[in-house]
Amino acid sequence: MVFAAPGSGQGKTTVVTGLLGALRRRGERVAPFKVGPDYIDPGYHRLAAGRTARNLDPVLVGADRIAPLLHHGSAGADIAVVEGVMGLFDGRIGGEEELAFGSTAHVAQLIDAPVVLVVDAKGQSHSLAALLHGFRGYRPQVKVAGVVLNRVGSPRHEQVLRAAADNAGLPVLGAIPRTDDLEVPSRHLGLVTAVEHGAEALRAVEAMTDVIERSVDLDAVTALARTAGDLPGSAWDPGAEVQRQGRPVVAVAGGHAFSFGYAEHVELLEAAGAEVALVDPLRDERLPDRTAGLVLPGGFPEQHANALSANAALRDEIRAFAGGGAPVHAECGGLLYLGEELDGEPMCGVLPVRAAMSPRLTLGYRDAVAATESSLFAEGARISGHEFHRTATEPGHGESPAWFWRGPSGAHREGFVHGGVHASYLHTHPAGNPGSVARFVTRCLR
């Protein structure tokens, strides 16, 4: 089932995270998913469900892969819970589709799942009926089938809201009282990542679980989930996307500074024959033995610049490794780490780039063309990617840029291709570009 909202900030993440934990406590095997490219919410989902959380993003992987990826990610589970993005009908701007491409409504239709609206009821009473009538009737093919009321002020308030929902023909699956106990600390890009926040994130997940356990009718939730249609087609299979070759060691950075990665990336690397070895640049002073390629995913290295800089042994090894022409795939946070400095702290010095925090948030999808032949893409390859950062680099691209794209402000060049290095702010989803993973493993074998 899919949990959506009229807009952002209604409490979707609180409800979904708590629901995952509450269902797990009951012995249900729960598979968590998130619509869109977001890496932060899935970290909390994983803690609550005890299972890898995955993204469903038609913009990044194509609409035809959404049901297969859900199939794949929910193998062995009793129930799949999908958290939406923004408002139910909010998607990529500029399309002419009846449902905005990439919206929660679009994904719900692709997987034929019922939708539960999470509504922040503070300041609302009878008007809730009009809101729910509107969401039910706007696109009848989207099965809005229930509502969870959030931030309910009192028993009397709940009574009025339930009557309004009944008037709109929607069952109330839960009513969550107004409380400040469920706040998760925020930072410059949203929630603190679960892996980074450690014990406090666990406490927050437990608090969400306790509240949802008390406030939501779990039997009604599971009964509604059973009304979902059968998923079309078969499960996504990484082994069918790439050809197995050799056995190179590919080091993938992780830990608190580099926690933004899609599970399908590692699965595709392994399907292509790679032996994936994790490396934490905050702790490990060497790359894993026999490393033939390096993946530096996104994250918040700007929050750990001092500690990353202090690990000079690993920085030196990465500089020598990249300098020898080895394949290196760096996205967003990985790009910052490969530069000369980040907020004044020395980094790896692989690229002639200085990075610093910026007052401007850069956010949005990009239809990009590979500007330069690289260890990941042939020149001219077309992809859909996503930017999400509040840092800026000087320069913004090298003599051999990674990407070209055109936006409302004109044409853009971005990123760096330097030897075997492909570094860019643009996040891509490997399930949407499996050939890039196979190409990377081939370069590692060389």
Side-chain angles (χ1 to χ4, degrees), residues 238-239 241-255 257-299 301 308 311-339 347-351 370 372-379 381 383 398 400 402 415-424 426-431 433-446:
E241 298 276 13
V242 294
Q243 185 174 355
R244 194 170 187 84
Q245 46 181 323
R247 190 69 174 157
V249 173
V250 174
V252 176
F258 298 97
S259 58
F260 290 4
Y262 295 118
E264 292 84 359
H265 194 174
V266 169
E267 291 168 349
L268 281 165
L269 284 168
E270 291 177 337
E275 178 184 337
V276 175
L278 297 180
V279 58
D280 184 349
L282 291 174
R283 302 177 183 274
D284 298 325
E285 296 185 349
R286 296 189 63 246
L287 292 172
D289 290 342
R290 300 182 293 108
T291 293
L294 175 62
V295 175
L296 295 166
L308 289 169
N311 189 354
L314 184 63
R315 291 193 292 110
D316 291 344
E317 184 167 354
I318 289 175
R319 181 167 58 252
F321 180 76
V328 179
H329 175 192
E331 285 190 347
C332 201
L335 163 64
L336 305 183
Y337 185 51
L338 290 183
M347 292 291 123
C348 294
V350 172
L351 299 172
T372 307
E373 186 89 6
S374 72
S375 58
L376 289 168
F377 298 97
E379 183 179 352
I383 63 98
S400 300
F416 303 80
V417 174
H418 182 73
V421 175
H422 184 283
S424 165
L426 208 62
H427 290 283
T428 60
H429 197 305
N433 306 279
S436 68
V437 180
R439 183 182 176 98
F440 185 78
V441 172
T442 299
R443 296 296 176 94
C444 292
L445 284 168
R446 293 179 185 172

**CA sep, side-chain torsions, deciding dist, call: Asp289, Val249, side-chain contact (heavy atoms from CB on, under 4.5 Å)** = CA-CA 8 Å; Asp289 290 342; Val249 173; over 6 Å; no

**Prompt:** Considering residues at least two apart in sequence or located in another chain, which fulfil the side chain to side chain donor-acceptor pair (under 3.5 Å) criterion with Arg244?
**Reply:** none

**Message:** Would you say that more than 12 heavy atoms from the other residues, nucleotides or ligands in this model lie under 6.0 Å from the CD of Gln243, or not?
**Reply:** no

**Val441 vs Leu268 side-chain heavy atoms within contact, under 4.5 Å** = no

**Fill in**
Residue pairs meeting salt bridge (Lys or Arg N to Asp or Glu O under 4.0 Å), one or both in residues 313-327, sequence neighbours left out, come to Asp316-Arg319

**Item:** Gap between atom NE2 of His427 and atom OH of Tyr262 - 0.5 Å precision
**Value:** 7.0 Å

**Asked** For the atom pair CD1 (Ile383) and CG (Leu426), what is the distance rounded to the nearest 0.5 Å?
**Response** 4.5 Å

**Fill in**
In short, ring pair (Phe, Tyr, Trp, His ring centres under 6.0 Å) pairs touching residues 264-293 with sequence neighbours left out are His265-His329

**Asked** Within a strict 4.5 Å, meaning less than it, do heavy atoms of the Met347 and Leu336 side chains meet?
**Response** no

**Request:** Locate the shortest heavy-atom distance separating His422 from Ala402; write the atom from each residue and the value.
**Result:** NE2-CB, 3.7 Å

**Message:** Is it the case that the side chain of Asp280 and the backbone of Gly255 share a donor-acceptor pair, with hydrogens and angles ignored and the cut-off at 3.5 Å?
**Reply:** no

**Message:** Within the structure provided, determine whether Val421 and Val350 are in side-chain contact (heavy-atom separation under 4.5 Å).
**Reply:** yes

**Asked** So do Val250 and Leu294 actually touch side chain to side chain, heavy atoms under 4.5 Å?
**Response** no

**Message:** Within the structure provided, determine whether Thr291 and Val279 are in side-chain contact (heavy-atom separation under 4.5 Å).
**Reply:** no

**Nearest heavy-atom neighbours spanning Phe258 and Pro301** = CZ-CB, 4.2 Å

**Request:** Would you give the length of the straight line joining atom CG of Leu296 to atom CZ of Phe260, rounded to the nearest 0.5 angstrom?
**Result:** 14.5 Å

**Fill in**
Heavy atoms of Pro434 and Glu241 approach each other most closely as CG-OE1, 3.5 Å

**Prompt:** With side chains defined as the heavy atoms from C-beta onward, is the minimum distance between Tyr337 and Ile318 less than 4.5 Å?
**Reply:** yes

**Asked** Counting N and O atoms only, with roles assigned by atom type, does the side chain of Glu331 sit under 3.5 Å from a partner on the main chain of Pro297, one being a donor and the other an acceptor?
**Response** no

**Prompt:** Closest approach of Ala423 and Leu338, non-hydrogen atoms and distance?
**Reply:** CB-CD1, 4.3 Å

**Request:** Could you walk me through whether Val295 and Val276 pass the side-chain contact (heavy atoms from CB on, under 4.5 Å) test, one step at a time?
**Result:** CA-CA 10 Å; Val295 175; Val276 175; over 6 Å; no

**Asked** Is the count of non-hydrogen atoms from other residues, nucleotides or ligands lying under 6.0 Å from Gln245 atom CD greater than 12?
**Response** yes

**Asked** About how many Å separate CG of Leu278 and CG of Asp284, when rounded to the nearest 0.5 Å?
**Response** 9.5 Å

**Minimum heavy-atom distance between Ser400 and Thr372, given as atom pair plus value** = C-OG1, 3.6 Å

**Request:** Locate the shortest heavy-atom distance separating Leu314 from Pro281; write the atom from each residue and the value.
**Result:** CD2-CA, 3.5 Å

**Prompt:** To the nearest 0.5 Å, what is the distance between SG (Cys444) and CG (Leu269)?
**Reply:** 8.0 Å

